[in-house]
Amino acid sequence: QVQLQESGGGSVQAGGTLSLSCTVYGGMYTMGWFRQAPGREREFVAGMTWSGATRDYADSVKGRFTISRHNGPNTVLLQMNSLKPEDTAIYYCAVSDLESVARDVYEYRHWGQGTQVSVSS
């Protein structure tokens, strides 16, 4: 059984930094981070293949966010710098069986519980 455990998040002022962590129990997968703001659809933020060879970022976060492995292939970090109020959302990690990073939510079979990120201006 695959389980995802998220940690991190919180509240910060614009320009600040936060980091999120996601640990997967039950296998090694391509991992992705998504976010969902109130009234909006869940959107892709960043993803990484299990090997770490391929990383992908949404244009809105490119250059500010970094996805990386931590202490092995089962834990993924999302370092978020230069945060903006529009980054405010619930952030979810998810795993996919694909060998490439997909941006479509329907390609991800298992999801974390979500963690709130709030950025004030």
Side-chain angles (χ1 to χ4, degrees):
Q1 183 177 0
V2 178
Q3 292 185 327
L4 286 74
Q5 183 174 10
E6 298 177 15
S7 63
S11 299
V12 68
Q13 289 188 327
T17 297
L18 287 173
S19 63
L20 306 178
S21 174
C22 178
T23 298
V24 181
Y25 299 95
M28 294 187 293
Y29 301 86
T30 290
M31 297 182 70
W33 284 100
F34 290 76
R35 66 187 181 187
Q36 188 165 18
R40 302 191 64 176
E41 293 186 350
R42 193 168 298 187
E43 64 176 2
F44 173 81
V45 175
M48 172 186 282
T49 52
W50 72 268
S51 67
T54 301
R55 307 180 195 194
D56 189 24
Y57 298 91
D59 289 344
S60 58
V61 306
K62 198 171 294 184
R64 300 187 297 121
F65 290 12
T66 302
I67 187 171
S68 63
R69 298 282 178 179
H70 179 67
N71 289 339
N74 292 84
T75 297
V76 172
L77 301 180
L78 183 68
Q79 179 68 34
M80 304 182 292
N81 299 330
S82 302
L83 282 161
K84 304 175 181 180
E86 51 263 44
D87 295 317
T88 295
I90 298 174
Y91 283 69
Y92 299 88
C93 67
V95 297
S96 164
D97 292 329
L98 298 178
E99 294 183 355
S100 58
V101 178
R103 296 189 172 199
D104 192 331
V105 296
Y106 299 106
E107 298 289 356
Y108 291 80
R109 294 195 297 125
H110 302 282
W111 293 80
Q113 77 280 7
T115 184
Q116 178 71 47
V117 170
S118 298
V119 184
S120 59
S121 58

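Note: hydrogens, waters and symmetry copies are ignored here, and every other heavy atom, side chains too, is used. For the single chain, residues carry numbers from 1 onward in sequence order.
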Name all residues meeting the side chain to side chain contact (heavy atoms under 4.5 Å, CB included) criterion together with S7; count only those two or more places apart in sequence or in a different chain, and write none if there are none. S21
Atom CD of Q113: over 12 foreign heavy atoms under 6.0 Å: yes
For M80 versus V117, what's the shortest heavy-atom pair and its separation? CE-CG2, 3.8 Å
State which residue, out of R69, E99, M31, fulfils the side chain to side chain contact (heavy atoms under 4.5 Å, CB included) condition with W50. R69
Are K84 and D87 close enough for a salt bridge, meaning some N to O gap below 4.0 Å? no
Hey, would you say the Y92 and Y108 ring centroids sit under 6.0 Å apart? no
Check against side-chain hydrogen bond (donor to acceptor under 3.5 Å, both in side chains), S118 and T88: CA-CA 5 Å; S118 298; T88 295; 5.3 Å; no
Neighbour count above 12 (heavy atom, 6.0 Å) for E43 CD: yes
Y91: which of R35, Q116, Q36 passes side chain to side chain contact (heavy atoms under 4.5 Å, CB included): R35
Is there a continuous path of hydrophobic side-chain contacts, each under 4.5 Å between heavy atoms, that joins M48 to V2? yes
Out of curiosity, R55 CZ to F65 CZ, how far, rounded to the nearest 0.5 Å? 15.5 Å
Hydrophobic cluster identity match, L18 and V45, side-chain contacts under 4.5 Å: yes
Straight-line distance of C22 SG to E6 CD, nearest 0.5 Å: 5.5 Å
To the nearest 0.5 Å, what is the distance between CZ (F44) and CD (E107)? 12.0 Å
Of all the heavy-atom pairs spanning A14 and S121, show the shortest one and how long it is. CB-CA, 4.3 Å
Look up atom CZ in R109 and atom CG in D97, then write down how far apart they are to the nearest 0.5 Å. 4.0 Å
I need the minimum non-hydrogen distance between V105 and W111, along with the two atoms involved. O-CZ2, 3.6 Å
When rounded to the nearest 0.5 angstrom, what is the spacing between CD in Q3 and CD in Q5? 8.5 Å
Approximate separation, where rounding is to 0.5 Å, of L98 CG and Y29 OH: 12.5 Å
Cluster overlap F34 with V24, hydrophobic side-chain contacts below 4.5 Å: no
Could you state whether L4 and V76 fall into the same hydrophobic cluster, counting links through intermediate Ile, Leu, Val, Met, Phe, Trp or Tyr residues with side-chain heavy atoms under 4.5 angstrom apart? yes
Within the side chain of T30, is there an N or O that forms a donor-acceptor pair under 3.5 Å with the backbone of S96? no
Distance-minimising heavy-atom pair for L20 and G8: CD2-C, 3.7 Å
Would you name the heavy atoms of T66 and Y57 that are closest together and state the gap between them? CA-OH, 3.5 Å
Restricting to non-hydrogen atoms, name the atom on T17 and the atom on Q79 that form the minimum distance, rounded to 0.1 Å. CG2-NE2, 2.8 Å
